[in-house]
Amino acid sequence: MKFTHAILVAQATACLAFIGCKSPQARIGAPEQLTINITPERVQRGEYLANHVAVCMDCHSRRDYSKFAGPMIAGTQGAGGEVFDHKMGLPGTFYGKNLTPAALKSWTDGELYRAITTGISKDGTALLPMMPYQNYGKMDREDIISIIAYLRTIPPIENPVPAAKPDLWLKPILKKMPQKATFQSKPALQDSVGYGRYLVTFAGCADCHTKRHMGIPVKKKSLAGGMSFPLPIGTVQSANLTPDLATGIGQWPKKAFIARFKSFDPKTFHSFATQNGFNTPMPWLFYSGMSEEDLGAIYSYLQSLKPIKNKTVAFTPKKAKILGKDAKAETAGLKKI
């Protein structure tokens, strides 16, 4: 849900200005000859990243959006099939791909690695950048390898997923979007701000929490919220994550910031039926699984940013309608972050 027509047009315009007519494979190159040694440590790290930081399972599982925050439907983890189409402002119809071994058994590790970090599929076609390969290509190589190791071990689910159907005008533009990865080393845990920046990039926080003009992120508004997400019952606006005292999280102590995420731990939080009332695209149930140490690092990084005054409205209903008690409480809570 991170990309609209305008965003894609803006990205494509930039790509067309700097990139020739070469195919994605010609520009990026063939997948490397990579054989990943699947170790318990890598699988454990990959499970954590895929479910709670990069949240791959957010888009690559089926979600029940009749309940708050769209909890994962049991038995669909990684099986794909979630639809992303014109109703979300996308130029075509796209599907979350099946990431289980049932679908990836014919993929080499190098092909998976290239797809995740550069946006080129096994057959050489370009992936829609709502799969944030532009972020993943900036991560530590070992973290991407750990995610692949984890994907190789999840239960296989036979679930054929239809091919994407981009609008006609998008097809030639889409070919220009993949880009080479520019990896970095994961900062030391002791570098709380640096490590927090790394996690914020991995989690794609800025993708949703930065206002855009004609599809282009407004640099002066980075992480200050204000991006709108249309829902059937109204519009949700992303929150200001800068340390502004009046409109951001400047008055939030670290403990409260961490508690906000942990309050959605599926072990204790039971997602309620929205009854067509307020809902949110924020994958709280996934991010709640982040460790307190990692959430604390994210907090440290956000607090290091320049405060930006930008008041956002958590939810604007399409028409006057009485929301459920739980939805009212949740809306009120979101206004604080």
Side-chain angles (χ1 to χ4, degrees), residues 1-15 53-56 58-59 69 84 88-91 119 128-139 177 179 182 184 193-231 234-252 257 260-261 279-284 286-287 290 294-295 297-316 334-337:
M1 283 187 257
K2 297 177 181 177
F3 289 85
T4 63
H5 278 82
I7 296 172
L8 287 167
V9 170
Q11 288 186 336
T13 300
C15 289
V53 182
V55 292
C56 310
D58 175 21
C59 291
F84 306 91
M88 300 177 179
L90 291 168
L128 189 75
M130 71 173 291
M131 203 294 279
Y133 57 80
Q134 295 168 341
N135 287 353
Y136 301 154
K138 297 175 183 176
M139 299 296 96
M177 293 184 177
Q179 54 188 257
T182 55
Q184 63 171 301
V193 171
Y195 183 53
R197 182 189 298 110
Y198 180 84
L199 293 171
V200 164
T201 303
F202 219 154
C205 303
D207 291 345
C208 292
H209 288 272
T210 300
K211 192 172 183 178
R212 297 173 183 266
H213 178 68
M214 296 298 291
I216 301 174
V218 180
K219 291 184 178 180
K220 292 183 178 181
K221 296 289 186 179
S222 181
L223 288 165
M227 188 170 176
S228 296
F229 297 86
L231 300 178
T235 300
V236 171
Q237 226 178 34
S238 59
N240 185 344
L241 299 184
T242 75
D244 181 67
L245 294 174
T247 64
I249 61 170
Q251 297 191 55
W252 279 66
F257 181 84
R260 174 65 176 163
F261 285 85
N279 209 329
T280 176
M282 173 70 173
W284 288 110
F286 291 90
Y287 288 140
M290 263 196 275
D294 282 2
L295 287 169
I298 288 175
Y299 174 85
S300 295
Y301 169 63
L302 294 176
Q303 290 294 323
S304 76
L305 298 175
K306 177 183 177 181
I308 300 174
K309 190 175 184 63
N310 186 38
K311 185 177 181 180
T312 64
V313 179
F315 180 62
T316 303
L334 281 175
K335 289 179 180 177
K336 299 178 182 179
I337 184 170

Any side-chain heavy-atom pair from Val193 and Gln303 closer than 4.5 angstrom?
no

Could you grab the distance from atom NZ of Lys221 to atom NZ of Lys219, nearest 0.5 Å is fine?
16.0 Å

Look at the side chain of Asn240 and the backbone N and O of Thr312, then say whether any donor-acceptor pair between them is shorter than 3.5 Å.
no

I'd like to check the side chain to side chain donor-acceptor pair (under 3.5 Å) partners of Tyr195; sequence neighbours left out, ordered by chain and number.
Asp294

Between Ile308 and Lys220, is any pair of side-chain heavy atoms under 4.5 Å apart?
no

Test of understanding: with ring pair (Phe, Tyr, Trp, His ring centres under 6.0 Å), list the residues that count as partners of Tyr299, not counting sequence neighbours.
Phe257

Rounded to the nearest 0.5 Å, how far does OH of Tyr287 lie from SG of Cys205?
5.5 Å

Closest non-hydrogen atom pair, Gly226 against Lys211:
O-CG, 4.3 Å

Side-chain heavy atoms of Asp207 within contact of Asn135, under 4.5 Å
yes

Mind checking whether Met177 and Tyr133 have side chains closer than 4.5 Å, heavy atoms only?
yes

Return the CG to OG1 distance between Leu231 and Thr280, rounded to the nearest 0.5 Å.
7.5 Å

Drop me the distance from Leu241's CG to Ile249's CD1, to the nearest 0.5 angstrom.
6.0 Å

Contacts of Lys309 meeting side chain to side chain contact (heavy atoms under 4.5 Å, CB included) (sequence neighbours excluded), chain-then-number -> Asp244, Ala246, Thr247

Partner residues of Tyr198 under the ring pair (Phe, Tyr, Trp, His ring centres under 6.0 Å) criterion, sequence neighbours left out
Phe202

Name all residues meeting the side chain to side chain contact (heavy atoms under 4.5 Å, CB included) criterion together with Thr235; count only those two or more places apart in sequence or in a different chain, and write none if there are none.
Ser228

Apply side chain to side chain contact (heavy atoms under 4.5 Å, CB included) to Gln184 and Met139, showing your working.
CA-CA 6 Å; Gln184 63 171 301; Met139 299 296 96; 4.0 Å; yes

If every non-hydrogen atom of Phe229 is compared with every non-hydrogen atom of Pro281, which pair is closest and at what distance?
CG-CG, 3.9 Å

Rounded to the nearest 0.5 Å, how far does CE of Met282 lie from OG of Ser238?
10.0 Å

Could you check whether any side-chain heavy atom of Met290 comes within less than 4.5 Å of a side-chain heavy atom of Val53, counting everything from C-beta outward?
yes

Let me confirm one number: the NE2-CG distance from His209 to Leu223, rounded to the nearest 0.5 Å.
8.0 Å

Would you call Phe261 and Ile298 a side-chain contact if the rule is heavy atoms closer than 4.5 Å?
no

